[in-house]
Amino acid sequence: MQIYLGGNHELKLKQIFKGKNAIFYNPNKEIKQTEQYKLYKDFSDQGGEVIIIDTSGKKHSKISLNVEPKKKYESTLNKIDYVLTSQQQADNQDQNEMRQSLCDELNISLQFLTKLIDQKLKILPVEWLKACIQANNFIEDFQKYIHLNKIQQISKGEESKSQEATKSNKKRDLKDLDKKQVKGKQGKDDQEEEKKGSNSNDKDQGGEGKQKPLNNEIADQLDRLLKYYTTQGDRGRMFGYKRALTSLKLFNEPIYNIDQIDKVPNIGDGIRKKIKEFIDDGIIKRFEFIDTDEKHNTLKLIESVWGIGPKNAQKLYDKKIRTIEDLRKNQHLLTDMQKIGLKYHEDFIEKIPRKEVEQLLERVKQTAFKIFQDGEKHLQIQACGSFRRGRDFCGDIDVLITRTDGKSIEGINEKVVVQLEKEGFLKERLGALRKSATGSEGYQGICQLDKDHKFRRIDLKVYPADQYGYAILYFTGSGNFNVNMRTEALKLGYSLSDHGMHKLKDSKKKNIPCLKEEDIFTLLNMPFKAPNERDV
DNA sequence: TGGCCAATACTG
DNA sequence: CAGTAT
DNA sequence: GCCA
């Protein structure tokens, strides 16, 4: 058995791949390293040879990969087969895009993939190997792949001919590769250029007068990395960067040089290095980032449609969707709710002016008060979310309703919604009315103040009064603030949610009542923060 | 090496 | 059940 | 990616 570990695989390609059969990758780290070795040993005992690639380029032999658990390798394997087998018939465009997509998925470079293809190597998930061994038929399965490889080798002459024919295709690949070596493709270069320009401006300014703190700029960079890894589905790095970013934002001293970074918690070697790159060169050389930036942006764009998340965005991307226009032309790819999201997408990406949120809230109040006798007295209605945090512009409007006369809130939601729909204020429902086991009710949908205003995303929630403190805290956010607060709660042995809090080890799960937000802060031993201070 | 915030409702 | 959203 |  031959196992190769370590980062610089690109350099070792020539020596490594001669006569080998397969490369294994470990998509979700479900299989621990020790177990991997065992599997590889079994495999090699049967005459196979193993190469482990380190796609992370880091010191450890981690094989990180953007594939979610379980049987999801199916499509990856299909893609690999497609790339390996259908070069002849394939339309250049298809082949290129498939390769690129595969590279993104396996977190390897195009150059690397090209080598794999040239060497007729199979790329297989470790999970597959495990399954085969457990089922005692892995030799058969593997033979299947060997067979496949042989066929390709036999048809090699023909293949290279056809590759000759598709020279322009190859050329494009090469061109890309060349560029990659000098960091990134054309479009990216432009973008980075712009950024570099502005950065150096900042630096010049800094040189002229007193230096400007770099906190915000660094935060922006980390945020970019964070968004990138989030889209990539890299949970680990996502958490890492999220924490680092939060810590940085909570760090009150101005930062001028790299050494000050050491005082910020949750920033370790990796992130420190990137920040150093940024401070020194004005740019972080993460070529994978630049490499896939275009895809990242595209995925973000697609995800900006309500109802389309990371998974669907990726699927749509694989189906060559690149723009909102593409989506409009291919609505058969969407679910009904996503179609609604698409229909109003143009409006939804617009922020709502504070003033309008106030009007929308007023509108809801009017109707609710009209329906319920003495509504003004017994219903408490207010907008939460970024509105309550004092923002001038909000992404959506979040209305929390509570009943203060001690009676059940049951049915309030539906009555209000139905009436508002009748009045033409609510336009569409995004899913059914919600009823939770803990007694709260909710609505998600779309409203419009009047013909002169845009369509807006609106959520209504009705909570029993005894959960009010938790509810308003939760729905006021920010999301990040909630995370911090819950982390604090955990440290003290509590579990905190939108409907209550209880001692973790308390088997009775007794809820601790908090009618006001303040009580929760007190309970958690935290200084009270006004809503406008929760914008973490 | 394992865990990283909680809990739930709804769709397809 | 996976995906999305809150 | 960070931390315990």
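All chains are named by letter (A, B, ...) in the order of the sequence lines, taking the proteins before the strands, and each is independently numbered beginning at 1.
Classification of A/Glu421 and A/Arg429 as a salt-bridged pair holds, one side-chain N sitting under 4.0 Å from a carboxylate O. Between A/Lys343 and A/Glu428 there is a salt bridge, since at least one side-chain N of the basic residue sits less than 4.0 Å from a carboxylate O of the acidic one. With respect to the salt-bridge test (charged N to carboxylate O, under 4.0 angstrom), the residues A/Arg389 and A/Asp535 qualify.
The separation between A/Lys461 atom NZ and C/dA5 atom P is 14 Å, rounded to whole Å. The interatomic distance linking A/Gln338 (CD) with B/dT11 (C1') rounds to 10 Å, in whole Å. As rounded to whole Å, 15 Å separates atom P of B/dG12 from atom CG of A/Leu333. Atom CZ in A/Phe387 sits about 20 Å away from atom C1' in C/dT6, given to the nearest Å. The distance between atom OH of A/Tyr443 and atom P of C/dA5, rounded to the nearest whole Å, is 17 Å. One can place CD of A/Glu303 at 13 Å from C1' of C/dA5, the figure rounded to the nearest angstrom. Rounded to an integer number of Å, the gap from CG of A/Leu245 to P of D/dC2 is 13 Å. Rounded to an integer number of Å, the gap from A/Met501 CE to B/dA6 P is 14 Å.
Place A/Arg434 and A/Thr487 on DNA chain B by their nearest nucleotides, and A/Thr487 ends up nearer the 5' end. Comparing A/Lys242 and A/Lys435 by the nucleotide of DNA chain B that holds the closest heavy atom to each, the one mapping nearer the 5' end is A/Lys242.
Considering only side-chain atoms of A/Tyr241, the nucleotide from D/dG1, B/dC5, C/dT6 that sits closest is D/dG1. Closest to the side chain of A/Lys311, out of D/dG1, C/dT4, C/dT6, is C/dT4. Side-chain atoms of A/Thr335 lie closest to B/dG12 of the nucleotides B/dA9, D/dG1, B/dG12. Of the candidates B/dC5, B/dT11, D/dG1, B/dT11 carries the atom nearest the A/Ala432 side chain, counting heavy atoms from C-beta on. Of the listed nucleotides (B/dG12, B/dA9, B/dC4), B/dC4 has the atom at the smallest distance from the side chain of A/Phe239. Nearest to the side chain of A/Tyr474, among B/dA6, B/dG12, B/dC5, sits B/dA6. Counting only heavy atoms from C-beta on, A/Met337 has its side chain closest to B/dG12 among D/dG1, B/dG12, C/dT4.
The residue A/Asn484 sits apart from the nucleic acid: no heavy atom pair falls under 4.0 Å. Residue contacts for A/Leu460: at a heavy-atom cut-off of 4.0 Å it reaches no nucleic acid atom on any strand shown. Nucleic acid contact class of A/Ala489 (heavy atoms, under 4.0 Å, all strands): none. Across all strands shown, A/Asn312 has heavy atoms under 4.0 Å from sugar-phosphate atoms exclusively, and none from any base. A/Arg457 comes within 4.0 angstrom of sugar-phosphate atoms only, judged by non-hydrogen atoms across all strands, and of no base. Within the 4.0 angstrom heavy-atom criterion, no nucleotide atom of any strand lies near A/Leu430. Across all strands, A/Asp459 comes closer than 4.0 Å only to sugar-phosphate atoms, never to a base (heavy-atom distances).
A donor-acceptor contact shorter than 3.5 Å is absent between the side chain of A/Asp223 and the backbone of A/Asp220.
Between A/Leu222 and A/Ile271 there is a side-chain heavy-atom pair separated by less than 4.5 Å. Considering only heavy atoms from C-beta on, A/Glu441 stays 4.5 Å or farther from A/Lys461 through its side chain.
Atom P of D/dC3 sits at a distance of 14 Å from the matching atom of B/dC5, rounded to the whole Å.
A close approach under 4.0 Å does not occur between any side-chain nitrogen or oxygen of A/Trp306 and OP1 or OP2 of B/dT11. In this structure, A/Thr438 does not reach the B/dT8 phosphate: none of its side-chain N or O atoms is under 4.0 Å from OP1 or OP2.
For A/Lys529 against A/Phe521, the heavy-atom pair with the smallest separation is N-CE2, 3.6 Å.
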